[in-house]
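These notes are about the structure you will find just below.
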Protein chains: 2
Amino acid sequence: MNDSQLLKGILEGCVLGIISQGETYGYEIISELEQYGFRDIGEGTLYPILTRLDKNGYIRCRKDKSPLGPIRKYYSITNEGMNRLMEFSSDYRKMKQCTDMILEKAIYKADSDNNERRE
Amino acid sequence: MNDSQLLKGILEGCVLGIISQGETYGYEIISELEQYGFRDIGEGTLYPILTRLDKNGYIRCRKDKSPLGPIRKYYSITNEGMNRLMEFSSDYRKMKQCTDMILEKAIYKADSDNNERRE
DNA sequence: ACAAGGTACTTGGCAATACAAAGTACCTTG
DNA sequence: CAAGGTACTTTGTATTGCCAAGTACCTTGT
């Protein structure tokens with residue numbers, strides 16, 4: 001995934017989705033995202049998202065010391081956050097449906113054009 | 001789809017996908033997008049995309065008069081554009097895979113939490 | 001002839017967001 | 001006490017969707 005523009009808006013929903021599974025903190029979220037396949041999400045990308053989600057009341061924050069490093073900020077999802085997550089999921093699904101339809105048609109045509117040329 | 005951020009990067013790929021099906025022009029692309037389910041894509045959104053695609057060599061432009069209005073700019077896809085479309089499609093698919101996984105897990109958990117509370 | 005409305009493209013400015021880069025600071029281990 | 005991993009912050013930049021307004025062509029009705 002080279003195209004960082006594709007992540008606009010997506011990342012926020014994914015972070016909210018991860019936090020919805022249980023209390024967690026920034027540094028861990030980055031490695032979670034990596035496990036799901038999102039490569040190279042830097043700290044300068046994630047932390048502003050957390051700040052924004054917090055400011056909007058979608059997550060809440062609790063500071064606590066870490067067993068092996070500096071203080072962590074643990075985040076958990078709020079009721080408003082759950083609503084936002086559902087809304088995001090619905091918007092995402094609609095976007096996907098439209099895009100998939102266009103791409104399927106385009107790729108199908110490209111393939112058959114390609115086959116015709118070979119014959 | 002209220003979340004316009006979700007469209008970032010997506011729209012360009014979709015427009016390229018539509019043009020790949022055959023020569024077309026701006027005003028028609030907007031109604032195509034609408035038919036696929038993208039609502040309220042304004043001219044101030046689409047035309048800059050076309051300019052960009054053209055400048056990057058992904059599409060080429062030909063001016064011709066319209067049977068019922070002012071001059072049209074007809075666009076068709078180039079070889080580079082086809083490559084870009086395939087690349088976009090691949091990036092999009094990867095993004096989708098990661099996002100779907102996270103959302104499915106989150107929604108599943110939300111559902112079962114919900115059911116437990118009812119029991 | 002003229003107004004209205006649909007067609008068609010252009011331009012300028014704004015807001016949101018991903019990201020790179022650099023910085024601060026804590027802790028463990030050798 | 002140096003090195004390296006953990007953890008969060010800040011600043012600046014580029015990209016992109018979108019609103020608003022403008023220009024201009026053409027047909028149709030009065």
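Fair warning: this is a prediction, and the values are worked out from it, not measured in the lab. First the proteins, then the strands, lettered A, B, ... as listed; each starts at 1.
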Should [X] be listed as having a side-chain N or O under 4.0 Å from OP1 or OP2 of [N]?
X     : N      : answer
A/Y25 : D/dA7  : yes
B/Y47 : C/dC9  : yes
A/T45 : C/dA18 : no
B/R52 : D/dA14 : no

Carboxylate-amine/guanidinium contact A/D100 B/K96, below 4.0 Å: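 Yes.
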Presence of salt bridge, A/R72 and A/E28, under 4.0 angstrom: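 No, no charged N to carboxylate O under 4.0 Å.
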How many Å lie between [atom1] on [X] and [atom2] on [N], as a whole number?
X     : N      : atom1 : atom2 : value
A/D64 : D/dA7  : CG    : P     : 12 Å
B/D3  : D/dG17 : CG    : P     : 13 Å
A/L53 : C/dA16 : CG    : C1'   : 14 Å
B/I41 : D/dG17 : CD1   : P     : 9 Å
B/I30 : D/dC19 : CD1   : C1'   : 14 Å
A/K63 : D/dT9  : NZ    : C1'   : 12 Å
A/E43 : C/dA25 : CD    : C1'   : 13 Å
B/Q5  : C/dA18 : CD    : P     : 7 Å

Has A/E34 got more than 12 heavy atoms of other residues, nucleotides or ligands less than 6.0 Å from its CD?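 Yes, because the 6.0 Å sphere around CD of A/E34 holds more than 12 heavy atoms from other groups.
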Nearest to the side chain of [X], heavy atoms from C-beta on, is which of [options]?
X     : options               : answer
A/L7  : C/dA8, C/dA16, C/dC19 : C/dC19
A/L68 : C/dT17, D/dT6, D/dT15 : D/dT6
B/P70 : C/dT7, D/dT16, C/dC26 : C/dT7

Examine the base of D/dT15 for any acceptor or donor lying under 3.5 Å from a partner atom in the side chain of A/K8, and report the outcome as yes or no.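 By the distance-only test, yes, there is a pair.
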Donor-acceptor pair between B/Q5 and B/K8 side chains, under 3.5 angstrom: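 Checked: B/Q5/B/K8 side chains pair up, N/O donor to acceptor below 3.5 Å.
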Test item: side-chain donor near acceptor, A/D3 and B/Y92, under 3.5 Å: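 No.
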Please name the nucleotide paired to [N] by Watson-Crick or G-U wobble geometry with both distances under 3.5 Å, or report none.
N      : value
D/dG12 : C/dC19
D/dT30 : C/dA1
C/dC27 : D/dG4

Touch class at under 4.0 angstrom, heavy-atom based, for [X] against every strand present:
X     : value
A/L50 : nothing
B/G44 : base
A/S66 : sugar-phosphate
B/K73 : sugar-phosphate

Quick one: do A/Y108 and B/F88 end up in the same hydrophobic cluster if we chain Ile, Leu, Val, Met, Phe, Trp and Tyr together by side-chain heavy atoms under 4.5 Å apart?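 Cluster IDs for A/Y108 and B/F88 differ.
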By nearest nucleotide on DNA chain C, pick out whichever of A/I10 and B/Y27 is the more 5' one.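 It is B/Y27 whose nearest nucleotide is closer to the 5' end.
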